[in-house]
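Heavy atoms only: backbone and side chains are in, while hydrogens, waters and symmetry mates are out. Chain identifiers are assigned alphabetically (A, B, ...) following the order of the sequence lines, protein sequences preceding nucleic acid strands; residue numbering begins at 1 within each chain. As the structure is a prediction and not an experimental result, all values here were calculated from the model.
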Number of protein chains: 4
Amino acid sequence: MARSLTAVPSEDESAPRPRGEKRERILEASIQVFARKGFHRARVSDIAAEAEIAYGLVYHYFKNKDEILATIFEERWSGFLDAIEAIGRGPGTVRNQLVSIATLILNAFRLRPEWVKVLVLEIQRSSRFAEPAQQQAVARLFEAFERIVRGGQERGELRPDFDARVGAALFLGAIDLVITSLVLKVGEIPEEDQAQRAYYLDVAQQIVDIFLNGTTGADGTA
Amino acid sequence: MARSLTAVPSEDESAPRPRGEKRERILEASIQVFARKGFHRARVSDIAAEAEIAYGLVYHYFKNKDEILATIFEERWSGFLDAIEAIGRGPGTVRNQLVSIATLILNAFRLRPEWVKVLVLEIQRSSRFAEPAQQQAVARLFEAFERIVRGGQERGELRPDFDARVGAALFLGAIDLVITSLVLKVGEIPEEDQAQRAYYLDVAQQIVDIFLNGTTGADGTA
Amino acid sequence: MARSLTAVPSEDESAPRPRGEKRERILEASIQVFARKGFHRARVSDIAAEAEIAYGLVYHYFKNKDEILATIFEERWSGFLDAIEAIGRGPGTVRNQLVSIATLILNAFRLRPEWVKVLVLEIQRSSRFAEPAQQQAVARLFEAFERIVRGGQERGELRPDFDARVGAALFLGAIDLVITSLVLKVGEIPEEDQAQRAYYLDVAQQIVDIFLNGTTGADGTA
Amino acid sequence: MARSLTAVPSEDESAPRPRGEKRERILEASIQVFARKGFHRARVSDIAAEAEIAYGLVYHYFKNKDEILATIFEERWSGFLDAIEAIGRGPGTVRNQLVSIATLILNAFRLRPEWVKVLVLEIQRSSRFAEPAQQQAVARLFEAFERIVRGGQERGELRPDFDARVGAALFLGAIDLVITSLVLKVGEIPEEDQAQRAYYLDVAQQIVDIFLNGTTGADGTA
DNA sequence: CATGAATGAGGCTTCATTCAT
DNA sequence: AATGAATGAAGCCTCATTCAT
């Protein structure tokens with residue numbers, strides 16, 4: 001249903017428009033505009049202009065502006081969550097799972113920074129976020145993560161004497177803040193595609209490395 | 001001028017009002033309202049009602065609504081930053097410094113959750129945040145943190161083979177997300193004061209512990 | 001062309017749809033919706049939904065929403081007026097004519113309250129009502145009535161020393177307000193059909209009785 | 001509280017504006033505009049222009065456009081009703097009471113036709129009219145009238161063998177329709193003030209006369 | 001300093017109408 | 001004839017800001 005965060009849709013959409021194509025255009029345009037100006041500063045007319053459709057058509061597909069944001073959340077976030085939960089259910093060591101997830105998230109940001117900005121920054125500010133459904137959706141991310149960590153503890157890959165919840169928060173928080181600092185452009189990211197890809201992979205590995213091995217070295221300098 | 005995030009202001013503000021007392025009331029009320037409704041949803045009249053003053057008076061003390069947020073940021077954030085930089089310049093091992101900082105931040109949230117919500121969630125969404133002055137203020141936090149980490153690396157307390165910037169992001173991100181999850185009430189926090197204090201200290205120590213020692217144990221299971 | 005207000009249309013409209021059947025459905029649906037929500041609050045889409053057709057189709061049969069109301073007025077009102085004028089031209093004492101008319105009107109309301117509501121309440125509020133054609137149509141009702149009253153005066157059935165126009169207004173106004181009070185459900189109307197019919201006939205006769213004999217009695221107490 | 005329908009306020013409102021004067025201006029302007037264009041066609045900007053105030057001030061005094069109409073009803077209608085109930089409670093024969101009331105209503109229309117138009121035509125079309133409070137207010141008029149009629153029956157001034165409710169509806173309906181036909185300018189009304197006053201008095205007396213004596217003459221021609 | 005009435009631009013939303021299929 | 005997607009003008013309402021007192 002939702003485009004995966006991991007797949008980049010082809011942009012060569014020309015001649016014969018498929019069903020529901022305008023709706024999709026509105027969602028995509030909304031993400032762009034929300035990411036650029038923030039939800040509250042984004043006017044519906046901005047969205048319509050970005051989507052190159054008439055003003056009123058937005059209201060043909062969505063009840064109001066709030067519902068656009070909620071829809072983005074529901075359709076995009078769930079795809080994102082599904083991918084993470086799939087990794088968690090899959091094989092591989094915790095290290096591999098964590099690297100996969102970190103890479104997934106950072107790559108999503110690399111390819112669709114606006115999606116991530118909106119999901120991370122806008123949604124939690126929206127009034128709809130107070131709704132149980134959305135709170136629960138975020139909780140699902142935490143839980144998926146806790147499950148991965150706890151799985152590692154049970155299989156002996158991770159030491160058992162730390163709180164899986166704190167561990168999950170630490171890992172996700174690291175990725176979150178890295179993304180935030182990237183959004184804020186604190187630090188410089190390579191422009192060129194290959195270099196950028198390598199950069200993000202390196203960051204992902206470092207996060208996992210610190211998460212697994214700590215910062216004091218295997219020989220325990222501290 | 002600014003109340004420190006680390007000190008709890010006395011609440012016995014009664015009888016003869018000092019100079020600038022109304023101004024302070026407006027700032028404090030703004031924090032409460034911004035935290036509750038978000039900056040954009042907060043009306044000037046809400047702030048005035050919270051501060052129990054006429055809303056025209058807000059414009060005696062501040063040029064406009066944006067300036068209130070900017071002022072909050074400048075006065076509150078700088079106090080916060082000073083405290084962290086002081087810890088960084090002070091003595092003690094990296095471990096102690098990190099525990100101090102984590103405790104500082106978590107305690108600030110414990111005592112003044114609205115302050116932290118506003119500083120973390122609202123300010124980066126405001127248009128003013130695009131201003132160099134504020135971007136720089138955030139950068140200062142990262143730099144203060146990098147300095148601490150790098151100092152630890154130079155003194156041999158931390159291993160030298162990880163990027164201090166990633167390390168800083170990981171640590172701060174962990175704290176940030178723990179706070180966010182607390183905001184979202186994912187997980188239950190003790191109600192009673194002593195237990196709450198203990199809970200936050202425990203969380204701070206676990207974060208530091210994972211940051212320093214990793215999650216795989218001294219015997220390197222992974 | 002127009003259904004008469006006095007005849008109840010058969011409801012067994014099924015299988016093979018005749019020409020103009022959709023047009024009629026739209027008119028009937030419009031009356032229902034206008035009566036329920038008022039002309040301005042009624043959306044074209046409401047009408048289409050009530051008629052169970054696509055709302056674009058409305059514009060095949062009518063130029064715009066105003067024209068629907070105008071058509072209702074022209075087709076329904078004229079049938080109504082014809083019936084009244086026929087009674088006026090017919091034989092019988094004034095008393096019989098008045099009872100016939102009062103019964104006609106009250107029965108119309110009994111059987112098709114929505115029609116009457118729309119004719120009475122909506123049409124005079126619409127901008128189209130300002131048009132001479134419609135003003136004239138209402139004038140025709142007054143004139144038809146004045147003619148009946150004046151005829152009674154000429155034949156000596158009614159005393160000659162009152163203004164026929166005021167008399168007409170009094171009689172019609174009485175019926176109008178009785179209807180309005182019925183609309184407002186001030187007073188209780190029998191549910192069962194026979195009782196309801198009897199109730200309305202009784203009301204009609206009382207109106208005529210007061211109109212003819214006054215309220216002070218034959219012995220002239222006042 | 002409400003200006004009486006029977007008293008014409010002085011229009012020489014100049015220099016120092018009293019409290020609540022703007023609110024009153026908005027109400028009066030609304031009546032003018034509602035009477036001229038109808039409630040739905042009346043724009044809030046029309047009201048503001050008519051009242052010569054800024055757009056937004058309307059919302060300082062009223063929650064929305066609906067509330068303006070409801071306020072008009074509550075404040076104007078109650079004054080009107082009080083006057084009628086006072087006449088009913090007062091001394092005098094039924095004839096005198098009825099003439100007083102008919103004159104009151106017709107004079108109100110003569111002096112403030114817009115008030116009457118709005119009270120009679122607009123209010124019953126508004127969505128708020130469905131509210132019990134307003135239905136009840138209308139019911140009060142009917143009841144006040146029934147009480148007068150029934151009082152006349154009990155004192156032997158009116159014959160007892162007709163339904164007071166029908167009698168009330170007949171009398172009020174006559175006045176209502178006379179007003180409506182005046183609104184619609186069916187028939188010509190004298191322009192000059194004295195002649196106009198005499199004309200309305202004459203109409204009032206004729207209505208009462210027919211109501212009391214009927215249209216068949218004391219000697220029973222019919 | 002303090003008040004809150006007054007202002008008016010901005011933006012969301014509705015919905016009659018058109019148009020491509 | 002029939003559909004309903006698409007259009008965009010119109011109008012209500014909000015609320016930051018100004019101003020007279």
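Look at CZ on Arg43(A): it is 15 Å from P on dT13(E), rounded to the nearest Å. In this structure, Glu67(B) atom CD and dA16(F) atom P are separated by 15 Å, rounded to whole Å. For the pair Glu21(D) CD and dG4(E) P, the computed distance is 20 Å after rounding to whole Å. Here dT14(E) presents its P atom at 18 Å from NE2 of His40(C), a figure rounded to the nearest Å. For the pair Asn64(D) CG and dC13(F) P, the interatomic distance rounds to 5 Å; values are reported in whole Å. dA2(F) atom C1' lies 17 Å from atom CZ of Arg23(C), rounded to whole Å. As rounded to whole Å, 17 Å separates atom C1' of dA16(F) from atom CZ of Arg41(B). As a whole-Å value, the separation of Phe62(D) CZ from dC12(F) C1' is 16 Å.
Between Ala54(A) and Tyr59(D), the residue anchored closer to the 5' end of DNA chain F is Ala54(A), taking for each the nucleotide with the nearest heavy atom. Two residues, Gly56(B) and Glu52(D), neighbour DNA chain E, and the one matched to the more 5' nucleotide by heavy-atom proximity is Gly56(B). When each of Leu57(D) and Ser45(C) is assigned the nucleotide of DNA chain E bearing its nearest heavy atom, the one mapping closer to the 5' terminus is Leu57(D).
Using a 4.0 Å heavy-atom criterion, one finds that Ala48(C) contacts no nucleic acid atom at all.
Distance from the side chain of Tyr61(C) is smallest for dA2(F) among the nucleotides dA2(F), dG11(F), dC13(F). Which of dC12(E), dC15(F), dT3(E) sits closest to the side chain of Ile53(B) comes down to dT3(E). The listed nucleotides are dT14(E), dA1(F), dA6(E); the one nearest the side chain of His60(C) is dA1(F).
Residues Tyr55(C) and Ile47(C) fail the side-chain proximity criterion, which asks for heavy atoms closer than 4.5 Å.
By the 4.0 Å N-to-carboxylate-O rule, Glu50(A) lies close enough to Arg36(A) to be salt-bridged with it. Remark: Glu114(C) does not engage Lys37(C) in a salt bridge, criterion side-chain N to carboxylate O under 4.0 Å.
Summarising the base pairing, dG11(F) is matched to dC12(E) through a Watson-Crick or G-U wobble pair whose two defining distances lie under 3.5 Å. Under the Watson-Crick and G-U wobble criteria, each requiring two contacts below 3.5 Å, nucleotide dT3(E) is paired to dA20(F).
Under 3.5 Å, the side chains of Arg41(D) and His40(C) contain a donor-acceptor pair of N or O atoms.
A cation-pi arrangement, defined by a distance under 6.0 Å to the six-membered ring centre and an angle within 45 degrees of its axis, is absent between Lys117(D) and Phe34(D).
A close approach under 4.0 Å does occur between a side-chain nitrogen or oxygen of Lys22(C) and OP1 or OP2 of dA2(F).
Below the 3.5 angstrom threshold, one finds no donor paired with an acceptor across the side chain of Tyr55(A) and the base of dA10(F).
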